[in-house]
Each structure stands twice: as structure tokens, then as C-alpha cells.
Engineer: 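Below you will find the structure I want to go over with you.
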Amino acid sequence: MCGIVGIVSQQPVAQVIYDSLLVLQHRGQDSAGMVTCVNNKLHLRKDNGQVSDVFHTRHMLKLQGNMGLGHVRYPTAGCSSSAEAQPFYVNSPYGISLAHNGNLTNVDRLKADLYEDDRRHINTESDSEVLLNVFAHELQITGKLKLTVEDIFKAVSATHQRIEGAYAVVAMITGRGILAFRDPNGIRPIVYGKRETQTGVEYMVASESVALQASGFDLVANLNPGEAIYIEDDGQVHLKQCAANSRLTPCIFEYVYMARPDSVIDDIYVYKARLRMGVKLAKKILRQYPDHDIDVVIPIPDTSRPSAMELAYHLGVKFREGFIKNRYIGRTFIMPGQKMRKRSVRRKLNPIDIEFKGKNVLLVDDSIVRGTTSQQIIQMARDAGAKKVYMASAAPAVRYPNVYGIDMPAVEELIAHGRSEQEVGELIGADWMIYQDLVDLIAAVQKGNPDIQEFDCSCFNGQYVTQNISNDYLQKIQAIRNDSAKEKAEDQTVVGMELHNNA
């Protein structure tokens with residue numbers, strides 16, 4: 001999962017991009033990057049690390065220009081190489097920079113086509129570099145020195161026809177403007193907005209509305225599936241539908257976990273959706289355990305807090321903050337290897353003993369993926385003196401891999417794969433375990449925008465909305481996503497960093 005931002009202004013944009021990346025940091029903490037443009041010259045800074053680590057004053061002073069892109073990334077398949085940091089750049093044609101959120105599912109075929117037919121070299125393992133070169137090739141075949149808006153949209157249409165998967169893209173054509181487009185299924189989010197200043201109207205595109213709000217931009221709209229927006233360097237805005245047979249099927253896991261609660265995605269308030277998840281889950285608990293003995297509901301911070309609050313209210317029991325989170329530890333779900341995730345849990349959370357001692361506790365999490373974190377947290381609750389520990393998940397059981405940009409582990413490492421609710425509870429050490437029903441999750445999210453008829457729920461039901469996901473593809477990603485492969489990549493990265501530091 002990644003966060004992207006692009007801005008066209010009449011004044012320097014580096015600080016606004018930096019501020020936007022800070023509020024999108026939850027979408028990726030492995031690397032950050034920014035490219036700006038002034039007088040047809042590009043200034044690029046990207047590296048491993050969080051936003052505040054990558055950009056120092058000396059870097060910001062060099063990032064001059066009134067137009068630019070930004071990106072935050074978390075590693076896929078355990079790869080943490082700085083070579084994968086975005087934005088990417090290709091000099092032909094016109095000089096194009098690009099940042100991307102999502103995952104291309106036909107990347108191997110695209111790589112072959114780019115080399116054999118388009119004569120383009122791919123230097124990294126990133127599908128974003130592949131996407132950039134596909135778009136660059138389609139733009140190059142126009143053969144024009146003077147590029148028109150229609151030429152750009154035509155290249156976007158041709159790119160849609162070649163690539164498959166999930167993608168929200170922002171690109172900059174040097175000295176000309178910012179382009180953004182969304183995949184025909186609208187799986188990954190992207191919004192655009194504007195703000196009026198003394199120097200004129202400025203425009204921003206970003207992964208989430210919170211990036212706009214944080215810098216004083218007004219949300220104008222989401223990009224529709226298959227739609228593209230092109231903002232010229234003088235502020236002229238052009239919109240066009242560039243894909244046939246588009247339909248809105250957003251990833252429902254955005255509302256469960258990935259997005260910030262203060263964002264609005266496809267006209268759905270994420271916070272409200274999470275509150276409704278809590279209501280649905282409370283009703284299920286009352287159906288299955290009408291005589292429950294729960295004394296207190298405690299969220300596993302932070303994403304589950306809205307659901308846990310509403311669940312407690314509808315159960316008629318106390319809501320308490322039982323864990324204090326270390327704000328300086330990143331999101332464990334998006335850490336590259338199992339070793340790092342395991343090391344981080346007890347450093348990340350510390351229990352308040354008095355909220356557990358002698359009580360029957362219901363812990364609420366947004367979702368349970370591997371189960372190792374849940375197991376450690378349940379043990380922490382018992383060590384703090386809880387009599388009984390129950391576990392509830394605001395999301396259904398994760399039983400299938402996500403292939404659209406969320407780097408979930410291999411199938412055999414998903415704790416719920418091939419197991420019942422009761423078996424999962426026993427494995428993680430809970431007295432009982434309860435999951436949200438998928439139909440209830442969909443209803444909770446869909447209420448915010450009834451016009452959305454379908455969501456991508458593939459990690460819960462194994463049904464992939466692009467309908468082109470083969471068993472061979474799933475086996476391939478399973479081989480690179482299993483924890484042994486990730487830990488090997490993690491160890492290689494550590495060795496590389498040590499060699500670099502000792503050089």
C-alpha cells in the first residue's frame with residue numbers, strides 16, 4: 001500500500017507535498033520521495049525511511065518549483081531496497097515522473113513486451129516502473145513535439161488497455177502539467193481538490209481526502225474508475241473518461257484498516273463506516289452470546305477504536321483504553337518481515353493493569369491476519385490479570401491473499417485459512433473468538449454510499465474483481481510473500497545497509 005500526491009500551484013510546492021506525505025504516512029513507512037519541477041528542470045529526493053527521515057532542510061531547499069509529486073511506500077514481498085522508492089523518472093518522451101499506488105497483475109507479460117516490442121529497459125522489480133514505461137511508450141508513439149491534452153488522454157486510454165490490476169497513478173510531464181488516473185474498477189482511492197490563494201487557484205490530487213484537508217484544499221471529487229485528470233502548469237483542468245466498461249468496486253479493506261478515519265473515500269466517511277462495523281458486530285455477539293459475561297471492551301489501538309466504542313455502547317458494557325501505544329513504532333501490519341513484526345508488538349503496546357485485573361475482557365481489533373500479534377496481545381492481557389479474554393474482529397476472517405496492492409502473507413500463513421472461528425480462537429489463546437460477517441461489513445460500508453453496488457472483498461471471499469487472477473499467479477505471489485522469503489530479503493537488506501554504512 002502506498003500514498004501519492006501531486007500539486008500544481010503558482011508558488012513553491014515542496015512544503016505542501018511534505019505536509020501531505022506526513023498525513024499519508026500511515027499508507028507506507030518504508031520509503032518516501034518527492035520530485036519538483038522548475039524551468040523544465042527536475043529536482044528529486046527519495047530514500048528509505050519515513051518522511052521526516054528522508055527530507056531534511058538541505059533537501060527541501062533544493063526541491064524548488066511550483067509543480068511536483070510525492071510518494072510514501074511500504075515494501076511488497078519483503079523488498080526494502082531504496083531502488084524501489086518512488087517517484088520513478090524516464091527521460092523519453094518529454095521527461096515523465098510517476099508515483100503509483102496499487103499492483104499490476106500482468107507485470108511479467110508487460111516486462112517482456114516492453115523489452116521485446118517497445119525496446120525499453122526495466123531496472124527494478126517495481127511494477128510502478130513498468131507502468132511508467134508503458135505510459136511513456138504510449139505517449140511517445142504520438143510522435144509530436146507539441147503535445148496536446150487529447151494526446152495525453154489517448155495515451156492513458158492505451159495504457160488502460162495494456163495493464164491489469166489495481167492502480168491509482170499521479171504523473172508529471174516536465175514543464176507541462178500533472179496527470180492522474182484511476183483503474184477501471186476503482187479499486188484504489190484517489191481524490192482531487194483545489195484552494196484559492198492570492199497567487200491563483202492551486203490543485204492537488206492525493207490518495208486520501210485527509211491530505212487535501214490538512215493543507216487547506218477543498219475536496220472537489222473522487223476520480224471515477226477509468227477517469228483521468230490533467231492539470232496544466234498554468235492551472236487549466238481537463239477531465240476525461242479514458243476506459244471502457246468501468247465500474248466502481250473499491251477495496252473494502254481501505255475502510256477496515258488502510259485509510260485514516262478522518263478521510264472520505266468514494267463519498268464514504270471512513271470513521272462512520274467503522275462505527276457501523278461496531279454496531280453490526282455487537283448485534284452478532286448478542287445473537288451468539290446473549291448471556292455474555294463481558295465486563296469491559298478494550299480496543300487494540302488505533303484503527304479498531306471507533307468500532308470498539310460503538311460495540312461497547314450497544315452491548316451496554318464499559319469501554320476502556322487498556323493499551324497505551326508507543327507513537328514511535330510504525331504500523332506492524334505493514335512491516336516487511338515476521339521477525340520485525342514480532343519484535344515490535346511488545347514495544348508498541350503496554351497494558352494498563354488496572355483495566356484488566358480480575359475482569360472478563362473483550363478485545364476488539366480491526367482485523368486478524370496472521371494471528372501472531374493477536375496471540376501476543378491476548379497473553380499480555382492475561383499477564384495483566386484478566387480472568388477471561390475474548391477476541392472480536394471488526395472484519396471477517398482473512399482467508400485469501402490480496403493481489404491489488406496490500407502485501408498480505410502467503411495463504412498458509414493466514415491464520416483463518418482453512419480454519420473455523422473456534423479453531424482460530426484456540427490458536428490465539430482466546431476464550432472465544434468472533435468475526436464480523438461479510439454481509440454485515442458490506443452493509444456497514446455501503447450505507448455511506450448506496451450507489452456502490454460492489455466492493456473488492458477478495459481477501460475475505462477469494463473473489464477477484466478483475467477476474468483474471470489464475471492459480472499460477474496466486475502460487476507465484478505465495479512463493480515471494482511467505483515469511484521465509486521476506487526474512488531472507490530483510491536480512492539481505494540489513495547486510496546491504498551495514499556494508500553501505502561501513503564503506
Engineer: Relative to each other, are the rings of Tyr400 and His417 parallel, tilted or perpendicular (30° and 60° limits)?
Structural biologist: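 The arrangement is perpendicular - the two ring planes meet at more than 60°.
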Engineer: Any carboxylate oxygen within less than 4.0 angstrom of a Lys/Arg side-chain nitrogen, looking at Lys318 and Glu355?
Structural biologist: no
Engineer: I'd like to know if the side chain of Ser307 and the backbone of Arg274 have a donor-acceptor N/O pair within less than 3.5 Å.
Structural biologist: yes
Engineer: Can you see which heavy atom on Leu63 is nearest to which on Thr36, and at what distance?
Structural biologist: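 So the minimum-distance heavy-atom pair works out to C-OG1, 3.3 Å.
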Engineer: Taking the side chain as every heavy atom from C-beta outward, state whether Leu69 and Met34 have any atom pair closer than 4.5 Å.
Structural biologist: no
Engineer: Examine distances only and state if a side-chain atom of Glu208 and a backbone atom of Val264 form a donor-acceptor pair shorter than 3.5 Å.
Structural biologist: no
Engineer: Going through the checks in order, is the side chain to side chain contact (heavy atoms under 4.5 Å, CB included) test met by Thr373 and Ile368?
Structural biologist: CA-CA 8 Å; Thr373 299; Ile368 298 173; over 6 Å; no
Engineer: Let me see the working for Asp365 and Arg370 under salt bridge (charged side-chain N to carboxylate O under 4.0 Å, His left out), right down to the final yes or no.
Structural biologist: CA-CA 13 Å; Asp365 209 346; Arg370 298 170 180 85; over 6 Å; no
Engineer: If you measure from the Lys or Arg side-chain nitrogens to the Asp or Glu carboxylate oxygens, is any gap between Glu421 and Lys284 under 4.0 Å?
Structural biologist: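 Salt bridge: yes.
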Engineer: Are the side chain of Asn449 and the backbone N or O of Asp451 linked by a donor-acceptor pair below 3.5 Å?
Structural biologist: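 Yes, Asn449 side chain to Asp451 backbone: donor-acceptor pair under 3.5 Å.
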Engineer: Within this structure, what is the OH-OG distance for the pair Tyr255 and Ser263, rounded to the nearest 0.5 Å?
Structural biologist: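 Answer for the OH-OG pair, Tyr255 versus Ser263, is 10.0 Å.
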Engineer: Nearest 0.5 Å, please: how far is CE in Met277 from OG in Ser367?
Structural biologist: 10.0 Å
Engineer: Report yes if the side chains of Leu441 and Val256 come closer than 4.5 Å at any heavy-atom pair, otherwise no.
Structural biologist: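 Yes, at least one pair of side-chain atoms sits under 4.5 Å.
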Engineer: Do any N or O atoms from the side chain of Asn222 and from the backbone of Asn224 form a donor-acceptor pair under 3.5 angstrom?
Structural biologist: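 Side chain of Asn222 to backbone of Asn224: no pair is present.
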Engineer: Could you label the plane-to-plane angle of the Phe460 and Phe253 rings as parallel, tilted or perpendicular, counting under 30° as parallel and over 60° as perpendicular?
Structural biologist: tilted
Engineer: Under 4.0 Å between a side-chain nitrogen and a carboxylate oxygen: does that hold for Arg188 and Asp266?
Structural biologist: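 Salt bridge flag = no for Asp266 with Arg188.
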Engineer: Taking the side chain as everything from C-beta on, heavy atoms only, tell me whether Asp456 gets closer than 4.5 Å to Asn185.
Structural biologist: no
Engineer: Side chains of Ser128 and Gln86: is there a donor and an acceptor less than 3.5 Å apart?
Structural biologist: yes
Engineer: Which heavy atom of Val130 sits nearest to which heavy atom of Val107, and what is that distance?
Structural biologist: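 That would be CG2-CG2, 3.8 Å.
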Engineer: Measure the shortest side-chain to side-chain distance between Met204 and Ser215 over non-hydrogen atoms and say whether it is less than 4.5 angstrom.
Structural biologist: yes
Engineer: Kindly compute the distance separating CZ (Arg73) from CG (Asn101), expressed to the nearest 0.5 Å.
Structural biologist: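 Spacing of CZ (Arg73) from CG (Asn101) equals 12.0 Å.
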Engineer: Could you check if a side-chain atom of Cys2 sits within less than 4.5 angstrom of a side-chain atom of Ser207, using non-hydrogen atoms only?
Structural biologist: no
Engineer: Going through the checks in order, is the side chain to side chain contact (heavy atoms under 4.5 Å, CB included) test met by Ser374 and Met391?
Structural biologist: CA-CA 8 Å; Ser374 302; Met391 175 66 78; 4.0 Å; yes
Engineer: Quick check: does any side chain N or O of Arg399 sit under 3.5 Å from a backbone N or O of Gly462, one acting as donor and the other as acceptor?
Structural biologist: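 No, Arg399 side chain to Gly462 backbone: no donor-acceptor pair under 3.5 Å.
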Engineer: Can you tell if the side chain of Phe319 reaches within under 4.5 Å of the side chain of Ile298, non-hydrogen atoms only?
Structural biologist: no
Engineer: Kindly determine whether Tyr404 and Thr466 satisfy side-chain hydrogen bond (donor to acceptor under 3.5 Å, both in side chains), including the steps that lead there.
Structural biologist: CA-CA 10 Å; Tyr404 298 128; Thr466 57; 2.6 Å; yes
Engineer: How long is the straight-line distance from OG of Ser470 back to CD of Gln475, given to the nearest 0.5 Å?
Structural biologist: 8.5 Å
Engineer: Would you indicate whether Ile352, at its atom CD1, is surrounded by more than 12 heavy atoms from other residues, nucleotides or ligands within a distance under 6.0 Å?
Structural biologist: yes
Engineer: Walk me through it: do Phe181 and Val205 pass the test side chain to side chain contact (heavy atoms under 4.5 Å, CB included)?
Structural biologist: CA-CA 10 Å; Phe181 56 94; Val205 293; over 6 Å; no
Engineer: What's the shortest heavy-atom distance between Gln463 and Asn461, and which atoms?
Structural biologist: N-OD1, 2.9 Å
Engineer: Which heavy atom of Pro396 sits nearest a heavy atom of Leu438, and at what distance?
Structural biologist: CG-CA, 3.6 Å
Engineer: Could you tell me whether Lys111 and Glu125 make a salt bridge, using a distance below 4.0 angstrom between a side-chain N and a carboxylate O?
Structural biologist: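 Salt bridge flag = yes for Glu125 with Lys111.
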Engineer: Atom CG in Leu131, atom OG in Ser126: separation rounded to 0.5 Å?
Structural biologist: 9.0 Å
Engineer: Using side-chain heavy atoms (C-beta onward) and a distance below 4.5 Å, is Ile477 in contact with Val403?
Structural biologist: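 Yes. Closest side-chain heavy atoms under 4.5 Å.
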Engineer: Roughly how far apart are Ile428 CD1 and Gln379 CD, rounded to 0.5 Å?
Structural biologist: 12.0 Å
Engineer: Can you confirm whether more than 12 heavy atoms, excluding those of Gln422, are under 6.0 Å from its CD atom?
Structural biologist: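 Counting other residues, nucleotides and ligands, CD of Gln422 stays at 12 neighbours or fewer.
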Engineer: Between Arg382 and Asp431, does any NZ, NE, NH1 or NH2 come within less than 4.0 Å of an OD or OE carboxylate oxygen?
Structural biologist: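 Arg382 and Asp431: salt-bridged.
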Engineer: What closest approach, in Å, do Val369 and Pro409 show between heavy atoms, and which atom pair accounts for it?
Structural biologist: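 That would be CG1-CD, 3.7 Å.
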Engineer: With a 4.5 Å heavy-atom cut-off, do Val445 and Pro250 have their side chains touching?
Structural biologist: no
Engineer: Is the side chain of Asp366 donor-acceptor paired with the backbone N or O of Tyr257 at a distance under 3.5 Å, no angle test?
Structural biologist: no
Engineer: Heavy-atom count check: over 12 atoms from other residues, nucleotides or ligands less than 6.0 Å from Tyr289 OH?
Structural biologist: yes
Engineer: Is there a salt bridge (charged side-chain N to carboxylate O under 4.0 Å, His left out) between Glu254 and Arg260? Walk through the geometry before answering.
Structural biologist: CA-CA 9 Å; Glu254 290 278 357; Arg260 272 181 49 148; over 6 Å; no
Engineer: Under the 3.5 angstrom rule, does the side chain of Asp437 hit a backbone N or O of Asp440 as a donor-acceptor pair?
Structural biologist: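 Flag not set: sc Asp437 to bb Asp440 has no pair under 3.5 Å.
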Engineer: Would you name the heavy atoms of Arg305 and Glu321 that are closest together and state the gap between them?
Structural biologist: NE-OE2, 2.6 Å
Engineer: Is the number of heavy atoms from other residues, nucleotides or ligands within 6.0 Å of OH (Tyr473) greater than 12?
Structural biologist: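 Yes.
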Engineer: Does NZ or CZ of Lys46 come closer than 6.0 Å to the centre of the six-membered ring of Phe88, within 45° of the ring's axis?
Structural biologist: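 Lys46 over Phe88 ring: yes.
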Engineer: Is the closest basic N to carboxylate O distance between Arg247 and Glu454 below 4.0 Å?
Structural biologist: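 Salt bridge flag = yes for Glu454 with Arg247.
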Engineer: Using only atom types and a distance under 3.5 Å, with no angle test, would you say the side chain of His71 pairs donor to acceptor with the backbone of His100?
Structural biologist: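 Yes; judged by distance alone, with no hydrogens or angles, the pair exists.
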